[in-house]
Amino acid sequence: MTTAEIIEMEEKYIAPTYTRPPIVLDRGAGVYLYDLENNRYLDFIGGIAVNSLGHGVPEIVGAIAQQTAKLIHGSNLYHTTPHVLLAQLLVEHAFPSKIFFCNSGSESIEAALKFTRKWAFGIGGEDKHEIISFEHSFHGRTYGAISATAQPKYHEGFKPMVPGMVYLPFNDIDALDQAVSKERTATVIIEPVQGEGGVNTVQGEFLKHLRMLCDERQVALIFDEIQCGLCRTGKFFAYQHHGIEPDVMTLAKPLAGGLPIGAVMMKPHIAEALKPGMHGSTFGANPVACHTALAVVQKMITENIAEQARKAGEALTDGLHVLQTKHKDIKEVRGSGLLIGIEFEDEVDGIVAACREKGMLVGSAGEKVLRWAPPLVIEQSHIDEALHILEEVLVARGI
Ligand SMILES: *Cc1c(COP(=O)(O)O)cnc(C)c1O
């Protein structure tokens with residue numbers, strides 16, 4: 001089939017929830033993607049921070065084949081091996097905790113909100129139910145997750161939201177002091193680096209204060225590391241930059257190398273609030289997803305992918321700062337490791353399209369921020385290529 005035929009069929013058969021550019025992705029190798037017409041693209045969005053090890057990775061392909069041949073699904077009615085091994089490895093590299101596995105980021109948010117409300121119910125009953133989240137956050141598209149997402153554009157037309165949500169400005173300590181309540185607040189949810197909402201990094205002082213308040217007022221603290229976790233910011237988890245731990249952490253995007261998976265890691269005191277039958281998922285802890293995730297996490301650890309991301313992020317950010325001196329429309333270059341936001345004076349749609357036409361896929365985070373979340377295994381040649389393409393685009397557009 002041709003590109004035009006596929007696009008025509010999409011219009012006819014696929015629900016219109018996405019605007020897609022006129023290319024059809026066909027295959028990937030390393031940090032490059034190829035469309036049906038064999039055009040090559042440098043992948044600087046990584047399937048939205050999912051393909052952290054790149055495309056066509058032998059360990060990932062092998063893990064999928066191996067587990068698929070053995071057992072694809074056995075259900076949560078029975079014990080299986082892969083999720084136990086994966087849980088052990090994650091816990092060893094994070095904090096003492098137990099894990100609930102599901103199939104996406106949003107599902108892990110739903111579970112985290114339910115689990116922490118259940119824990120808080122045990123302390124303060126139904127009064128202690130409020131969930132605090134922050135402006136420009138993004139936690140997903142299911143009802144609990146969009147309700148926690150403090151961006152009005154995601155709520156429009158879908159109200160009423162789940163009750164009990166409180167939205168606070170990001171990095172505002174005074175607002176926190178007033179809102180976090182021992183009687184009313186069940187949980188606070190925060191992204192250590194906000195992805196979708198513009199690539200905004202939390203201030204260390206703010207996060208430490210939040211941890212202190214949550215301890216003092218018996219409130220659960222959830223870190224949403226779905227996008228920023230698993231090596232992307234230059235540490236294994238983004239919270240490790242700050243010397244504190246959450247009570248609960250959600251993971252998803254890069255965990256299984258592109259297969260659907262979500263995970264909620266919770267400290268033992270939260271896990272103690274749960275009982276069999278309180279929550280579940282038919283596909284959760286799927287053996288293929290978990291066995292593949294095990295291969296991904298093992299590779300991240302043995303090859304010190306976090307350090308690679310830190311170094312590559314530094315080189316890329318340095319290069320972008322040089323570009324910024326020549327192109328005044330670049331307002332700010334920000335982020336952490338290889339989660340990078342480049343804020344412009346105007347909307348970035350045209351820049352995204354122009355980069356694609358020159359052979360590089362990039363994303364946006366809001367209207368005016370270009371988002372780069374490439375595979376963490378990019379090398380200096382890819383950094384040079386990306387900076388060169390962006391510079392050409394900016395020169396051609398006179399900005
Ligand atoms: C993508 C994302 C989600 C939602 O994950 P889905 O798998 O799309 O449901 C939640 N939180 C953050 C920080 C994300 O980046």
Side-chain angles (χ1 to χ4, degrees), residues 15 17-18 20 45-52 100-116 131-151 153-155 158 161-162 165 167 170 187-202 207 221-233 237-239 241 246 248-265 281 283-286 289-290 292-293 296 335-341 362-366 369 371-374 376:
T17 59
Y18 282 93
R20 299 185 175 100
I45 186 62
I48 319 185
V50 166
N51 302 104
S52 286
F100 174 82
F101 287 109
C102 49
N103 313 289
S104 68
S106 296
E107 270 181 70
S108 72
I109 297 293
E110 297 295 330
L113 297 180
K114 282 179 71 179
F115 297 168
T116 50
I131 293 165
I132 293 178
S133 66
F134 297 93
E135 287 169 9
H136 308 294
S137 58
F138 181 83
H139 300 295
R141 304 295 199 136
T142 52
Y143 256 109
I146 44 165
S147 300
T149 293
Q151 295 196 55
K153 69 174 179 188
Y154 290 111
H155 298 174
F158 297 120
M161 293 293 113
V162 172
M165 300 287 165
Y167 306 131
F170 195 55
T187 186
V188 177
I189 179 166
I190 188 166
E191 295 156 86
V193 184
Q194 293 183 328
E196 200 74 28
V199 190
N200 311 304
T201 306
V202 74
L207 205 63
L221 179 54
I222 305 170
F223 287 170
D224 178 349
E225 294 229 9
I226 290 169
Q227 184 158 169
C228 62
L230 294 164
C231 304
R232 181 152 298 275
T233 67
F237 294 111
Y239 76 82
H241 290 280
V248 176
M249 177 163 68
T250 55
L251 300 174
K253 288 188 163 85
L255 182 54
L259 291 188
I261 193 169
V264 186
M265 304 187 68
S281 162
F283 288 122
N286 173 269
C290 289
T292 308
V296 168
S336 185
L338 283 175
L339 183 52
I340 295 174
V362 298
S364 58
V369 180
R371 175 170 33 167
W372 284 6
L376 308 180

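Since we're looking at a predicted model, the values are computed, not measured. Note that ligands are numbered from 1 as they come in the structure, with each ligand's atoms numbered from 1 the same way.
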Does the N or O separation between [X] and ligand 1 drop below 3.5 Å for any pair?
X	answer
G105	yes
E191	no
A252	no
K253	yes

Practice item. With rounding to the nearest 0.5 Å, note down the distance linking CG in N286 to SG in C102. Key: 12.0 Å
Practice item. Check whether any side-chain heavy atom of W372 sits under 4.5 Å from a side-chain heavy atom of V199, and report yes or no. Key: no
Review point. Under a 4.5 Å cut-off applied to non-hydrogen side-chain atoms, are F237 and L230 in contact?
Key: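 Yes. Closest side-chain heavy atoms under 4.5 Å.
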Check your understanding: Looking only at heavy atoms of H139, does any of them come nearer than 4.0 Å to an atom of ligand 1?
Key ->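 A heavy atom of H139 does come that close to ligand 1.
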Practice item. Using side-chain contact (heavy atoms from CB on, under 4.5 Å) as the criterion, list what pairs up with V369, not counting sequence neighbours. Key: R334, E343, A365
Using a 4.0 Å cut-off to any heavy atom of [X], which atoms of ligand 1 qualify?
X	answer
Q227	15 (O)
G140	4 (C), 10 (C)
I226	2 (C), 3 (C), 10 (C), 11 (N), 12 (C), 14 (C)
D224	10 (C), 11 (N), 12 (C), 13 (C)

Revision key, fill the gap. In this structure, atom 8 (O) of ligand 1 is nearest to the protein heavy atom S106 OG, 4.5 Å
Review point. Between R232 and E225, is there a side-chain N and carboxylate O pair less than 4.0 Å apart?
Key: no
Exercise for review: Would you check, one step at a time, whether the test side-chain contact (heavy atoms from CB on, under 4.5 Å) holds for I109 with T142?
Suggested key: CA-CA 9 Å; I109 297 293; T142 52; over 6 Å; no
Point to revise | Residue pair S133 / H139, side-chain donor-acceptor N/O under 3.5 Å | key: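 H139 and S133 do not have a side-chain donor-acceptor pair below 3.5 Å.
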